[in-house]
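Each chain gets a letter, A, B and so on, in the order the sequences are listed, and its residues count up from 1. Side chains are part of it too, since the values below use all heavy atoms of this structure and drop only hydrogens, waters and symmetry mates.
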Number of protein chains: 2
Amino acid sequence: MTDSNPNASLTAPSIPGDALPPVEQHAQQYATVRNAHETELIEDYVELIGDLLAHRGEARAADIASRMAVSQATVSKMIRRLNELELVTSKPYRSLFLTEAGQKMAETSRARHDIVLHFLRALGVRDATARIDAEGMEHHVSDETLAIMQRFTEQQQNS
Amino acid sequence: MTDSNPNASLTAPSIPGDALPPVEQHAQQYATVRNAHETELIEDYVELIGDLLAHRGEARAADIASRMAVSQATVSKMIRRLNELELVTSKPYRSLFLTEAGQKMAETSRARHDIVLHFLRALGVRDATARIDAEGMEHHVSDETLAIMQRFTEQQQNS
DNA sequence: CAATATTGTTAGCCAAGGCTAAACTATTTG
DNA sequence: CAAATAGTTTAGCCTTGGCTAACAATATTG
């Protein structure tokens, strides 16, 4: 380091005990997040389609578009991808349905989502906030943490 | 709905009391997540640069690349963006530094990250898992939830 | 101090996920 | 049942965030 350091105030670690993780571990953290991002949107679509089917009996592109606050063109393009991934079946101008793989994904996503949402409420987070946070968090919570969240929620309820 | 429904098993809601949220609320949930995604990567870079400066005294593109598990070309491109956003200053072949805005962002991100990480550990999540989950979750935790997490962690420590 | 190794940059490619505008299909209704 | 409205698809554009390969600058070392 030949430069002077204008960020001198940052030179001392804010939390002295917390060193940087070893490179490999650090790298894996970021890689895991990047990976989650790739499947995230897909899961959100599939989960929403499952919910629409469950609650409404049908899942139309227009409903998805308004619930996701996205244009219908975007939904249409995405449905093509879901089709290629064999997660949904669609006939033009007809309701979507989930394939078996799609149903499995929808159930898994829904379950994760519910665990996170109920956990946040059990923690004391207001409903509207909990819903927003759960939507963002659900794809980044490991199975280990998920299990702990579920236990926590149950204990909270029995008291 | 003129079609027969091959997803009949999904017709009954898994959790009967949990109806679909009203369209506007639902839409806002997704919009919030999409929005978080836009700033997420930027924050990760800035946070990492801050950490490198704090712990190493300098932040080189090569370190960022290996810690993020990403090519140097990607980092180089990203640094150009951070420059345009006036979050970092950089001279070619020299360490990066944070602007004031960059430092502020780094501190905020680091603080959020630490709160989430400590919370997960307080919950009983193993360290390695907590680190991975925290990295993904930090950008999706509202201030309200963050405050609750912090309180929880403190209570846990005083017992 | 020249050769080599490391580090950084640039150019050009790709896929994903947005958008608008235009065209087409289906449904509803006067 | 024709016209209007609503829903869907397609085409074509843009930005972001990856990548590799080729080149340029700096540092290290024999």
Check the distance between [N]'s [atom2] and [X]'s [atom1] and give it to me in whole angstrom.
X: A/E84; N: C/dG17; atom1: CD; atom2: P; answer: 12 Å
X: A/E58; N: D/dA6; atom1: CD; atom2: C1'; answer: 14 Å
X: A/M68; N: C/dA16; atom1: CE; atom2: C1'; answer: 15 Å
X: B/N83; N: C/dT9; atom1: CG; atom2: C1'; answer: 13 Å
X: A/R60; N: C/dT25; atom1: CZ; atom2: C1'; answer: 11 Å
X: A/K91; N: D/dT9; atom1: NZ; atom2: C1'; answer: 18 Å

Checklist entry - Between the main-chain N or O of A/Q72 and the side-chain N or O of A/S76, is there a donor-acceptor pair closer than 3.5 Å? => result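 Checking the backbone N and O of A/Q72 against the side chain of A/S76, no donor-acceptor pair under 3.5 Å is found.
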Checklist entry - Short question: side chain of B/R121, backbone of B/V116 - any donor-acceptor pair under 3.5 Å? => result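 Looks like no, no N/O pair under 3.5 Å.
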Checklist entry - Below 6.0 angstrom between ring centroids: does that apply to A/H113 and A/H139? => result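 No - the distance between ring centres of A/H113 and A/H139 does not fall below the 6.0 Å cut-off.
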For residues 128-135 of chain A, tabulate all N or O donor-acceptor pairs below 3.5 Å that involve a side-chain atom, not counting sequence neighbours.
from: A/T129; atom 1: OG1; to: A/R126; atom 2: NH2; distance (Å): 3.2
from: A/T129; atom 1: OG1; to: B/E144; atom 2: OE1; distance (Å): 2.5
from: A/R131; atom 1: NE; to: A/D127; atom 2: OD2; distance (Å): 3.0
from: A/D133; atom 1: OD1; to: B/S142; atom 2: N; distance (Å): 3.4
from: A/D133; atom 1: OD1; to: B/S142; atom 2: OG; distance (Å): 3.4
from: A/D133; atom 1: OD2; to: B/S142; atom 2: N; distance (Å): 3.2
from: A/D133; atom 1: OD2; to: B/S142; atom 2: OG; distance (Å): 2.7
from: A/D133; atom 1: OD2; to: B/T145; atom 2: OG1; distance (Å): 2.5
from: A/E135; atom 1: OE1; to: B/Q29; atom 2: NE2; distance (Å): 3.4

Within a strict 4.5 Å, meaning less than it, do heavy atoms of the [X] and [Y] side chains meet?
X: B/L146; Y: B/F119; value: no
X: A/L123; Y: A/T153; value: no
X: A/R67; Y: A/L48; value: yes

Item to check | Base versus backbone protein contacts along nucleotides 10-21 of chain D [heavy-atom cut-off under 4.0 Å; B, S, -] | outcome: B-----SBBBB-
Next on the checklist: Below 30° counts as parallel, above 60° as perpendicular, anything between as tilted: where do the rings of A/F152 and B/F152 land?
Outcome noted: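 Perpendicular.
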For nucleotides 24-26 of chain D, tabulate all protein N/O to nucleotide N/O atom pairs closer than 3.5 Å, reporting atom names and distance.
from: D/dA24; atom 1: N3; to: B/Y93; atom 2: OH; distance (Å): 3.4
from: D/dA25; atom 1: O4'; to: B/Y93; atom 2: OH; distance (Å): 3.2

